[in-house]
Amino acid sequence: MATSSRDPTPNQLSLDLPGPTVYLTGHKEETGKATLHDSRPIEWHRYDNDQMAMAVAYTTSFPPDLNKNADVEAHDAKMKASGGKLGLVSGGGTVLRYVDFAPGYECLFHRTQSLDYGIVLEGSIESILDDGEKHLIGRGDVMVQRATIHAWRNPSQTEWARMIFVLQDSKPLYIGGKHFGEDLGKGTEGIPSSGNDK
C-alpha cells in the first residue's frame, strides 16, 4: 500500500507511492481573505499495458483569469469535455501533469511543441535524447525540455518512479527551415493530439 496515510487515488498503478491531492486556493468574496477553494484527488489514466500512468492536476490559459474562479471553471470544463484525457499540451496555456513509470519501463521517443519542466518526485529517471545522450536525474532534479525529442526510463527494477511536468505551449520550432512539431511516439495510444502545432 501507499507509504503514508495518503491512499492511492482513483486508477493509480503505483500502489507503493502516495496518492496525490490538488489543493486550490481562492478568496472569500465578502472579505478578500485567502481560503481553500477546493481539494481534489488525482485521477489517473493508464497507458502502455499498465506500465505508465498519467494524471492532469490542473490546466490554465495564458494569462489565467482568476476573477470569480474563471480559471477553475475553465479547467473543469476542459476536463469534462475531454473525459480527462487531454492532449499532452494545452494550446495557449499550461498543463500540470503527474506521470508514474513502472520498474524498468522505458517510453519511446516523443516530442511536444512546448517548453516543459519535468521534476522527479520519487525514484530516479534516465532522460534519453535522440542523439544518444543519457542523463540520470534524481529526486528534486528538473529537466527543462525545449521541444526536444526524448524518452524516459525508470532504471529501478523494483520501484516505481514519479515525475510531475509543467507543459507550456510554445511557438512553433524551426531548425534549418524544418518544422519540428508534435510526435507522440508509441505507448501513448489513447492520448489525443495536442493540436497546438498547426
Side-chain angles (χ1 to χ4, degrees), residues 13-14 17 20 22 24 42-48 51-64 71 74-75 78-79 82 84-102 105-155 160-175 178-198:
L13 290 167
S14 52
L17 296 181
V22 177
L24 301 171
I42 291 294
E43 294 187 29
W44 298 89
H45 292 275
R46 299 173 176 198
Y47 298 96
D48 210 2
Q51 296 294 295
M52 178 177 66
M54 292 194 282
V56 173
Y58 206 64
T59 62
T60 69
S61 59
F62 287 142
D71 63 313
H75 167 74
K78 184 177 287 190
M79 295 303 290
S82 71
K85 284 191 169 185
L86 300 174
L88 293 178
V89 181
S90 181
T94 68
V95 177
L96 178 61
R97 183 186 305 276
Y98 285 88
V99 182
D100 281 0
F101 301 91
Y105 174 72
E106 179 179 326
C107 68
L108 293 185
F109 284 106
H110 61 283
R111 176 201 328 273
T112 54
Q113 183 177 284
S114 59
L115 186 144
D116 311 335
Y117 305 142
I119 304 162
V120 179
L121 298 180
E122 303 282 352
S124 59
I125 288 285
E126 187 174 52
S127 167
I128 307 166
L129 303 179
D130 65 346
D131 69 355
E133 277 189 68
K134 297 179 180 181
H135 301 278
L136 187 65
I137 59 176
R139 192 174 184 186
D141 288 339
V142 59
M143 177 70 71
V144 180
Q145 289 285 356
R146 301 175 57 245
T148 52
I149 198 156
H150 63 283
W152 303 106
R153 185 178 78 86
N154 179 358
W160 281 79
R162 175 174 289 167
M163 294 184 73
I164 193 165
F165 293 86
V166 179
L167 297 101
Q168 304 166 87
D169 190 15
S170 69
K171 292 182 178 180
L173 173 66
Y174 292 88
I175 300 171
K178 181 181 177 186
H179 178 223
F180 284 71
E182 182 172 81
D183 179 353
L184 294 180
K186 289 179 60 181
T188 55
E189 287 79 8
I191 299 175
S193 168
S194 300
N196 68 325
D197 64 348
K198 303 289 185 228

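For OH of Tyr117, the number of neighbouring non-hydrogen atoms (other residues, nucleotides, ligands) closer than 6.0 Å is 12 at most.
By the 4.5 Å heavy-atom criterion applied to side chains, Leu13 and Asp100 are not counted as neighbours. Side-chain contact between Thr148 and Phe180 is absent, with no heavy-atom pair separated by less than 4.5 Å.
When every heavy atom of Ala55 is checked against every heavy atom of Trp44, the shortest pair comes out as CB-CE3, 3.7 Å. Closest non-hydrogen pair, Ala57 versus Tyr98, comes out as CB-CE1, 4.0 Å. Closest non-hydrogen pair, Leu173 versus Gln113, comes out as N-OE1, 4.4 Å. Contact detail for Gly87 and Ile191: the closest heavy-atom pair is CA-CG2, 4.3 Å. Here the closest heavy-atom approach between residue Ala161 and residue Ser124 is recorded as CB-O, 3.8 Å. Considering every non-hydrogen atom in both Ile137 and Trp152, the closest pair reads CD1-CZ3, 4.1 Å.
Proximity of a side-chain donor or acceptor of Glu182 to a complementary backbone N or O of Ser194 within less than 3.5 Å is detected. When atom types are taken as modelled, the side chain of His45 and the backbone of Met54 share no donor-acceptor pair closer than 3.5 angstrom. Of the possible donor and acceptor atoms, one in the side chain of Asn154 sits under 3.5 Å from a partner among the backbone N and O of Ala102. At least one donor-acceptor pair closer than 3.5 Å links the side chain of His110 to the backbone N or O of His150. Remark: side-chain polar atoms of Asp131 are paired, donor with acceptor, to backbone N or O of Glu133 under 3.5 angstrom.
The structure places CZ of Arg139 at 8.5 Å from CG of Leu121, a figure rounded to the nearest 0.5 Å. In this structure, the separation between CD on Gln145 and OG on Ser170 is 12.0 Å, given to the nearest 0.5 Å. From Ser61, atom OG reaches atom NZ of Lys78 across 7.5 Å, with rounding to the nearest 0.5 Å. Here the straight-line distance linking atom CG of Asp169 with atom CG of Asn196 works out to 4.5 Å at 0.5 Å rounding. From Leu24, atom CG reaches atom CG of Asp71 across 8.0 Å, with rounding to the nearest 0.5 Å. Remark: Met52 CE to Trp160 CH2 distance equals 10.0 Å, nearest 0.5 Å.
Screening Arg153, Arg162, Met163, Gln51 for a side chain to side chain contact (heavy atoms under 4.5 Å, CB included) involving Phe101 leaves a single residue, Met163. With respect to Val56, the side chain to side chain contact (heavy atoms under 4.5 Å, CB included) criterion is satisfied by exactly one of Leu167, Leu88, Val95: Val95. Remark: of the listed residues Phe62, Tyr58, Phe165, Phe62 is the sole one forming a side chain to side chain contact (heavy atoms under 4.5 Å, CB included) with Thr94.
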